[in-house]
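What follows is a short report on a single structure.
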Amino acid sequence: MPRHPYRRLRPAKSDLPEVGISEEGNIRSLHLGSDTIQSSMNLDHPAELVLSYSRAMMGWLLFAEETPKHITQIGLGGGSFARWIDSYLPDTKQTAVDINPQVIAVARSLFELPFEGVNFEIVEADGAEYIKVFRHNTDAVLVDGFDGEQIIDALVEEPFFQDCRHALSPDGVFVTNWWSGDKRYHRFIERLLNVFEGRVLELPAESHGNMAVMAFQSSPKEQNLDKLKKRAEKLSGQYGLDFKRMLSDLKANNPNNGKHFYL
């Protein structure tokens, strides 16, 4: 199938980046103001997490003792997480927040989002403000907020991390996608370590320098690497993601004594 080049869908509104789409083979991608791919969907298997960073961002499930009741997404993009959660965690309610009405409109029309109802809602709002409505009643906050060039400043500040911690349930987890090559990356990590009292893990994506960073409201109940390895084998089959590789990379990139993490 021929490649359809990146193209604009409509003029940009205010100072928000314009939305575009491209298609190559059976992969449809969403762009924000540039040819950088923000989100991709396999037209033959819409629930698949096509981009490696999105797969890495589900690594926190290794430490989840129960199926999450509610997940909040800051940054809808092309709805990759929404489709995956709808398919693999069908009993989990999810709220996706996006500030850009164009993104929401394009995702609804071209990216096969789940039915909007009791289990899935989209909110047009500033995610950094909207997260304040939660009071320890969302189990995961997934943050993927880029403006087409770099991460949005409000989503890497300590007040935002504090608001996310306040939003999370007692065993909740904050997960974000950062670019490891960003010269501010270590500053972001330090802020997150400060807010979450050191309970932070870094999981590199399989490609492109993206890093899935997860911060835990409380210490995970299971930190034994042998037991996590057994859990990874089970979850790999259950969710169709390579949790064994994720665990290996978590071990290589975070403090541990070869038997336990230190969280």
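None of the values given here were measured: they were computed from a predicted structure.
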Review point. Counting distance only, does the side-chain N/O of Asn253 pair as donor-acceptor with the main-chain N or O of Leu203 below 3.5 Å?
Key: no
Sidechain-backbone polar pair: Ser219 side chain, Leu263 backbone, donor-acceptor under 3.5 Å: yes
Contacts of Phe120 meeting ring-ring contact (aromatic ring centres under 6.0 Å, His included) (sequence neighbours excluded), chain-then-number -> none
By ring-ring contact (aromatic ring centres under 6.0 Å, His included), Phe216 pairs with (sequence neighbours left out) Phe63
Just say parallel, tilted or perpendicular for the rings of Phe161 and Trp178, cut-offs at 30° and 60°. tilted
With no hydrogens and no angle check, is any side-chain donor or acceptor of Ser218 less than 3.5 Å from a backbone partner on Pro170? yes
Q) Do side-chain atoms of Asp171 reach the backbone of Ala64 as a donor and acceptor pair under 3.5 angstrom? A) no
Mind checking whether Val141 and Ile74 have side chains closer than 4.5 Å, heavy atoms only? yes
Minimum side-chain heavy-atom gap Phe243-Leu228 below 4.5 Å = no
What I want to find out is whether Arg231 reaches Glu65 closely enough, with some N-O distance under 4.0 Å, to be called a salt bridge. yes
So side-chain hydrogen bond (donor to acceptor under 3.5 Å, both in side chains) across residues 48-61, not counting sequence neighbours, yields Asn42-Glu48, Ser52-Ser207, Tyr53-Asp144, Arg55-Glu206
| Do Tyr262 and Phe196 share a hydrophobic cluster, counting only Ile, Leu, Val, Met, Phe, Trp and Tyr and linking them when any side-chain heavy atoms are less than 4.5 Å apart? | no
Is the backbone N or O of Lys251 less than 3.5 Å from a side-chain atom of Asn256, with the two atoms forming a donor-acceptor pair by type?
yes
Is the Lys NZ or Arg CZ of Arg165 less than 6.0 Å from the centre of Phe174's six-membered ring, within 45° of the axis? no
Report the C-alpha distance between Glu233 and Lys244 in whole Å, list the side-chain angles of each, state the deciding distance to 0.1 Å, and finish with yes or no for side chain to side chain contact (heavy atoms under 4.5 Å, CB included). CA-CA 6 Å; Glu233 290 172 1; Lys244 291 183 282 186; 3.6 Å; yes
Report the relative orientation of the aromatic rings in Tyr130 and Phe134; use parallel for angles under 30°, tilted for 30 to 60°, perpendicular for over 60°. perpendicular
